[in-house]
Every structure is written in C-alpha cells, then in structure tokens.
Amino acid sequence: ELLTRKPQALAVAWNLRLSRRSLVPDVLAQFGQLTTGVAGGTGPVQLWRNTNVTFVDALGVAEPGIDQGGLTIELHATFWCEVFKPEHALFEQGDGGRYLPRAGAPTDALEAVGRMLLKSIIDDHPTGRLLSRFVFEFLADSHERRVFPPDQPLEALRALEDFDPELTKQWRR
C-alpha cells in the first residue's frame, strides 16, 4: 500500500514536537505510535515523509528555529548518542564498545528504536558505530543464514567479536 499511495500524500511533512530534556522518551513515543497502520494517514507511511522538527522547552513552548534540515539532523545525531545511555535501560555495552539490546528491555521501546533506525536509514542520517554488527544482521533477517551456518561455525564468532572481543577469543579457543 505504501508504494501505491499518491505522491501528494507523502508531500505532507511529519511534524515532530520534541523536548531536548526527554528526547529519547519523546522519540520513542512518536515512533511507537506508528503501529496503527496506514489507512488513517498515520502509521508506517510517516517514515517516508520529510520531518519537521520543533524542539520545545520544559513548558512545551517551541524554541526559536525553523527546521530547514538542521533540526532534523540534530534530532538524529542526538538520539543515536543518547539512546544507549544506561538510564534508558534499552541497550547493554559489550567489551568491544558496541551495543546489543538489553535482556528484559521493553519490546515496544525496542520496536520504536527500530523504526527510528529505519527512518535514519531512509533519510540518510548516520547512526554512528555503536550498534553491534549482529543487530543489523538480525534486522536484515540474514543472521541465521550468515552467522549460524553449520558448515561455517566461525561466522557466529565474527559477529560476536565487535560486541565482546574477550569472550570471542575464549570461545574461539
């Protein structure tokens, strides 16, 4: 259905009002609402629209500024630095400095992070190098074919290596 929509339906910008003080929860709330489908104009179609970001202060008053691309860039850059912080309890850092989703992290929040990742990819915004390679392989549904083939047991270790090099070294022995 996304591919058959009229182009003018995508010409409408997706307006995001976000607080810098609670950027991650605000983004997760906005992207968490995308589960309702495309029929009513909400849902996944928003990911294909341009964004219009407005940052608001603690009282909900809009900060001065018009998003001509710069505020959207700031949103993506800041989100991918902040989302890994321990207070959000979504990711755990391995010894290799890369992150994987934390066991017990809320599924709905991780799904919203996944939608933000998709939006960053669609709009060509860098996500940084903090996500483990295994996350991308898992999302691309190639992890079991590439990482766990019975005839190539070392592929799983290569995927683990950027998350935990020491554990990889031990298991490789």
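Numbers here simply count residues along the sequence, with the first being 1.
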Are the side chains of [X] and [Y] in touch, meaning some heavy atoms are under 4.5 Å apart?
X: Cys81; Y: Leu130; result: no
X: Trp14; Y: Gln30; result: yes
X: Arg129; Y: Arg98; result: yes
X: Leu131; Y: Phe84; result: yes
X: Lys119; Y: Phe31; result: yes
X: Val113; Y: Leu28; result: yes
X: Leu75; Y: Leu71; result: no

Heavy atoms only: give me the nearest [X]-[Y] pair and the separation to one decimal.
X: Leu110; Y: Phe91; answer: CD2-CZ, 4.4 Å
X: Ala105; Y: Ala89; answer: CB-O, 3.7 Å
X: Gly96; Y: Pro165; answer: N-CD, 3.2 Å
X: Gly32; Y: Ala112; answer: N-CB, 3.9 Å

Measuring from atom [atom1] of [X] to atom [atom2] of [Y], what distance do you get when rounded to the nearest 0.5 angstrom?
X: Asn52; Y: Leu16; atom1: CG; atom2: CG; value: 8.0 Å
X: Glu63; Y: Leu18; atom1: CD; atom2: CG; value: 10.5 Å
X: Trp80; Y: Thr127; atom1: CH2; atom2: OG1; value: 6.0 Å
X: Leu118; Y: Leu47; atom1: CG; atom2: CG; value: 5.0 Å
X: Asn50; Y: Ile122; atom1: CG; atom2: CD1; value: 11.0 Å

**Request:** Report yes or no: does Ser19 contribute a side-chain atom to a donor-acceptor pair with the main-chain N or O of Arg21 at less than 3.5 Å?
**Result:**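 Yes, Ser19 side chain to Arg21 backbone: donor-acceptor pair under 3.5 Å.
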
**Asked** Quick one: does Arg17's side chain have a donor or acceptor within less than 3.5 Å of a partner on Thr54's backbone?
**Response**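 No; zero donor-acceptor contacts below 3.5 Å.
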
**Item:** Test log, rule side chain to side chain contact (heavy atoms under 4.5 Å, CB included), inputs Leu100 and Gln93
**Value:** CA-CA 7 Å; Leu100 285 175; Gln93 185 176 23; over 6 Å; no

**Asked** Yes or no on side chain to side chain contact (heavy atoms under 4.5 Å, CB included) for Asp164 and Glu166, after CA distance, side-chain angles and deciding distance?
**Response** CA-CA 6 Å; Asp164 193 333; Glu166 190 58 37; 3.9 Å; yes

**Same apolar cluster (I L V M F W Y, side chains within < 4.5 Å links), Ile73/Met116** =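 Result: no, two separate clusters.
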
**Message:** As a quick check of understanding, evaluate side chain to side chain donor-acceptor pair (under 3.5 Å) for Asp67 and Thr72, giving each step before the final call.
**Reply:** CA-CA 7 Å; Asp67 189 0; Thr72 294; 2.5 Å; yes

**Request:** Can you label the angle between the His76 ring and the His125 ring as parallel, tilted or perpendicular, going by 30° and 60°?
**Result:**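 Judged by the thresholds at 30° and 60°, the geometry between His76 and His125 is parallel.
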
**Prompt:** Looking at His88, Glu87, Glu82, which one forms a side chain to side chain donor-acceptor pair (under 3.5 Å) with Lys85?
**Reply:**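 Testing each of His88, Glu87, Glu82 against Lys85, the sole residue satisfying side chain to side chain donor-acceptor pair (under 3.5 Å) is Glu82.
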
**Prompt:** Can Arg20 be said to sit on top of Phe55's aromatic six-ring, NZ or CZ under 6.0 Å from centre and within 45° of the ring axis?
**Reply:**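 Checked: cation-pi criterion met.
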
